[in-house]
Amino acid sequence: MNENEKAKELNEEQHRVDEVIEYIGHQIEELETKVGKRKTDAFQIRKNFWEDVTVNLDNAEEASETFASIKQQAELLSERERSQQHDLKLLRKFDRLKQSPYFGRVDFQEEGEQQSEQVYVGIGSVSDKEGFDFYVYDWRAPISSLYYDYGPGPASYDTPEGLIEGEVLLKKQLLIKRGKVEHVFDTGVTIGDEVLQEVLGSQADAQMKSIVSTIQKEQNQIIRNERGKLLIVQGVAGSGKTSVALQRIAYLLYRNRETLQADQVLLFSPNPLFNKYVASVLPELGEENMQQTTFQAYIQYRLSSQFVLEDPFDQLEYVITQKEDPGYYQRIESIRMKSTLSFMKEIDRYLLKLENGGMIFKDIFFRGEVIFTSSWIKETFYQLDSSLSIPNRLEMVSETLMRHVKIIEKEERLKEWVEDEVELLDHEVLQKVYTKLENESNDENGYYDTEREQHLLRSLVVKKKIAAVKHIIKQLRFLNISEIYCECLKQIKSEEYTSIIYFTEIIDKTVRQIEEANLYYEDITPFLYLKGMLEGFEVNTLIKHVFIDEAQDYSPFQFAYIKKMFPVAKLTVLGDIHQSIHAHTNKEDAFLLLETLFQEQEVEKYTLTKSYRSTREIVEFTKGIIAKDINPFNRSGSLPMLVKVQSEEERFSQIVDRLTRTEQKEGTVAIICKSENEAFLVYEYLRSRVQVSLIKKNTTEFDSNIIVIPSYLAKGMEFDRVLIFDASKESYKDEEERKLFYTICTRAMHSLCLFYKKEKTPFLANISVGLYETN
């Protein structure tokens, strides 16, 4: 295509963009008028609510009419508010679209039709007022899959009515900014490199952005897959797993908008900072955010009142910094042992034994005295039909205890201690009782009943005192889960575990920790599983989709527990086994074991091998760390830099120099340290020299473009420039840390610099000299 033809094409596309933006402008004006009117209407309805309702409660018929009037007025207000929210949502969509209404075009000729249809694809749909002619199709609409999946030639797309077949005659990408068409690209099957180059070459931000304009064919297949109960995405670093997950959520909300709400989707993310990082993606696409939490936060409230809980970051800190601890290898074996599905089966075997004996209960106290002994509770439990499940039997025991408590409550009212407590009641409580008695006397006999007063006051005192006992019974707190868990550990007879060198020490140490009300992170899931199997799981049937990002860090046991907690939800897990940094991930592939929890026909799997985050130079460098075949996107940049320093003073001097260079001040910079303590020391040194933020495990946001961050918190993030604080052999030498080192290096988008003293880490030994520079 010559320059004149290109100019003509650009003018034609610009003319259409102008028309669409003008139409959007008219829509915005109309919506603003409607929103203003509906806001006024809603205000007036609220203001005059009771004036427009006739209240008459003289008889049943009048009361019924009153309630009907109130209901009618409330429904009118609700309808106005719903309409207002709908119009506001449309207004926000059009505000986004007026700058760049679409990014792609496909000319599609349906089989049997004489003319082709021009399909323009954007982040939201724009149609005429009747909704028949579309100026722009939402990227999630069935017809929009033509743009992502096909180049010129035979093509098809699914609709609720069936498969539509035909031919793509033309496919273009458009780069539109502030209403101006800057570039038009003819493309083939994949989204053109030119647009990707621009998107990927831009600077990172504190928040992730939508990638709908650059979704690749293989990513689109993942986003639109609704077949399986379990969808596994195994993707290399920078392959867009997290972005795909978020676009998939947006697609599911659009596709199932009549039956799926945003709060029925749950995303487990790696840390609190990551939650903030991805918070803007769905709103940018016109959708409400899904529920979002970390696995630790989700399980925390279930046990935090009973134990001091270790979190996964504290566990990682121990694993990477305490190798000189005498109990280190014992702890590593403990982590691995308790993370497996085999360990879950050991608990299941023990649960079978408990059906006929071995349950452990606690005495129940009232005012310092035992009112139900553990032995009596145990006897009551095992007198029940053994064919009933343990949770059902416990519920029946609870009901029996509550009946006895009511008897005790009546008996206690007559005891001397109650009189003493009555004397201590505050004035407000007494006044309420007196008011109640006065009302009774007015309604009944017309005189004040002092005997009735004493009865009420005594009942009130005993009721308040015995409430704690009732709570213990209702919550099944008379069941001694801690002792049962310890006994379960002591009775493990499987040779798979008893052959572990430190097996006895592991059990003894765990029991001591629990006796001191401490729970290691690796014990939390097994403990909760045992608790759930005994008491009954608090399952969540409202959640329809669960997404797990950085899924390679979850143990098989944790996957099984999540499946148990969300029995009706479909599961989407995304991760990279090459970035597995937890101790339990070194022996088992959790993804393979996860598949065993589902039927074969329920599982859908995808593998993404192309990395888009980093420049070709960084990808070629980092893939040498794990010796795996990873395909870099063709975006060039500078070679990674290895900087050897002679002292700590020189290391800091070099870092400050790189942080303060005028040409490198733009974009985000991460100084990645191995541990939390190392990160704190680096931050303390830098804070007086540059504006810098320290990222800790509970950090949710940062206000500087330069951050200092421990290695394990950098997972899932990306930065324009990454400085590895210490890439020395002294810091990274054990083979178990190779994946951790690979992970932190792959956070870099445009620039990677590694500092080391004396000798560099052996993980760089297989990287050709020509793939990096040295100082």
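Relative ring orientation between Phe527 and Phe307 is described as perpendicular, the plane-to-plane angle rising above 60° on a 0-90° scale split at 30° and 60°. Tyr554 and Phe295 have perpendicular rings, their planes meeting at more than 60° on a 0 to 90° scale where under 30° would count as parallel.
In summary, the aromatic rings of Tyr529 and Tyr561 are positioned with their centroids too far apart to meet the 6.0 Å limit.
The ring-ring contact (aromatic ring centres under 6.0 Å, His included) test applied to Phe725 returns Phe652, not counting sequence neighbours. Applying the ring-ring contact (aromatic ring centres under 6.0 Å, His included) rule to Tyr497 yields no partners; only residues at least two apart in sequence or on another chain are considered. Listed by chain and number, the residues in a side-chain hydrogen bond (donor to acceptor under 3.5 Å, both in side chains) with Glu595 are Lys605 (sequence neighbours excluded). Qualifying ring-ring contact (aromatic ring centres under 6.0 Å, His included) partners for Phe547, counting only residues two or more places apart in sequence or in other chains: none.
A distance-only check finds no donor-acceptor pair linking the side chain of Asp576 to the backbone of Val236 [under 3.5 Å]. Judged by distance alone, with hydrogens and angles left aside, the side-chain atoms of Ser339 form no donor-acceptor pair with the main-chain N or O of His584 at under 3.5 Å. With hydrogens and angles disregarded, a donor-acceptor distance shorter than 3.5 Å links the side chain of Gln219 to the backbone of Ser239. Of the possible donor and acceptor atoms, one in the side chain of Asp720 sits under 3.5 Å from a partner among the backbone N and O of Thr668. Checked by atom type and distance alone, the side chain of Arg248 pairs as donor or acceptor with a backbone atom of Ile222 at under 3.5 Å. Side chain of Thr510 to backbone of Ile506: a donor-acceptor contact under 3.5 angstrom is found. Panel note: side chain Thr699, backbone Lys696; a donor-acceptor pair is recorded below 3.5 Å. When atom types are taken as modelled, the side chain of Glu718 and the backbone of Gly238 share no donor-acceptor pair closer than 3.5 angstrom. Using modelled atom types, no side-chain atom of Ser728 and backbone atom of Tyr756 make a donor-acceptor pair closer than 3.5 Å. Judged by distance alone, the side chain of Asn271 and the main-chain N or O of Leu273 form a donor-acceptor pair under 3.5 Å.
When each of Phe557, Phe559, Phe343 is tested with Thr525 by the rule side chain to side chain contact (heavy atoms under 4.5 Å, CB included), just one qualifies, namely Phe557. Under the side chain to side chain contact (heavy atoms under 4.5 Å, CB included) test applied with Thr572, the options Val546, Leu231, Ile249 reduce to a single match, Leu231.
A salt bridge links Lys757 with Glu648; the closest basic N to acidic carboxylate O contact falls under 4.0 Å. Between Arg512 and Glu515 there is no salt bridge, since none of the side-chain N atoms of the basic residue sits less than 4.0 Å from a carboxylate O of the acidic one. Using a 4.0 Å cut-off between charged side-chain N and carboxylate O, Glu730 and Lys733 make no salt bridge. Here Arg616 pairs with Glu620 in a salt bridge; the nearest charged N to carboxylate O distance falls below 4.0 Å.
Surrounding OH of Tyr685 are more than 12 heavy atoms belonging to other residues, nucleotides or ligands, all under 6.0 Å away. Residue-environment remark: CD (Glu600) stays at or below the threshold of 12 foreign heavy atoms within 6.0 Å. Counting non-hydrogen atoms of other residues, nucleotides and ligands closer than 6.0 Å to CD of Glu495 gives a total of 12 or fewer.
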Would you check, one step at a time, whether the test side-chain contact (heavy atoms from CB on, under 4.5 Å) holds for Tyr612 with Gln216?
CA-CA 11 Å; Tyr612 299 96; Gln216 304 295 289; 3.2 Å; yes
side-chain contact (heavy atoms from CB on, under 4.5 Å), that's the test. Do Val643 and Cys753 meet it? Break it down for me.
CA-CA 7 Å; Val643 180; Cys753 184; 3.6 Å; yes
Stepwise salt bridge (Lys or Arg N to Asp or Glu O under 4.0 Å) check, Asp311 with Lys697
CA-CA 10 Å; Asp311 64 40; Lys697 64 182 181 182; 2.7 Å; yes
For Asp553 and Ile581, what are the C-alpha separation, side-chain angles and deciding distance, and is it a side-chain contact (heavy atoms from CB on, under 4.5 Å)?
CA-CA 7 Å; Asp553 291 334; Ile581 64 174; 3.9 Å; yes
Before giving the answer on salt bridge (Lys or Arg N to Asp or Glu O under 4.0 Å), spell out for Lys323 and Glu737 the whole-Å C-alpha distance, their side-chain angles and the decisive distance to 0.1 Å.
CA-CA 12 Å; Lys323 293 181 180 177; Glu737 296 173 340; 2.6 Å; yes
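Residues Met290 and Leu266 have side chains not in contact (no heavy-atom distance under 4.5 Å, counting atoms from C-beta outward). With a 4.5 Å cut-off on side-chain heavy atoms, Thr615 and Phe633 do not count as touching. Residues Ile724 and Phe755 have side chains not in contact (no heavy-atom distance under 4.5 Å, counting atoms from C-beta outward).
Residues Ser675 and Asn677 bring no donor and acceptor atom of their side chains to less than 3.5 Å of each other. A donor-acceptor contact under 3.5 angstrom links the side chains of Lys509 and Tyr520, judged on distance only. In this structure, a donor-acceptor pair under 3.5 Å is present between the side chains of Tyr318 and Asp325.
With rounding to the nearest 0.5 angstrom, the CD atom of Glu516 is 11.0 Å from the CD1 atom of Ile514.
Nearest heavy-atom pair, Thr294 versus Pro272, reported as atom, atom and distance to 0.1 Å: CG2-N, 4.0 Å. Contact between His750 and Ile618 at its shortest, heavy atoms only, is C-CD1, 3.7 Å. The minimum heavy-atom distance linking Gln691 with Ile706 is given by the pair O-CB, 3.6 Å. The nearest pair of heavy atoms linking Ile577 to Phe591 is CG2-CD1, 4.4 Å.
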Cut-off 3.5 Å, no hydrogens considered: what does the side-chain donor-acceptor table look like for residues 767-775, sequence neighbours left out?
residue : atom : partner : partner atom : Å
Asn775  : OD1  : Lys644  : N            : 3.3
Asn775  : ND2  : Lys644  : O            : 3.3

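For the salt bridge (charged side-chain N to carboxylate O under 4.0 Å, His left out) condition, the pairs that include at least one residue of residues 517-526, sequence neighbours left out, are Arg331-Glu522, Lys338-Asp523.
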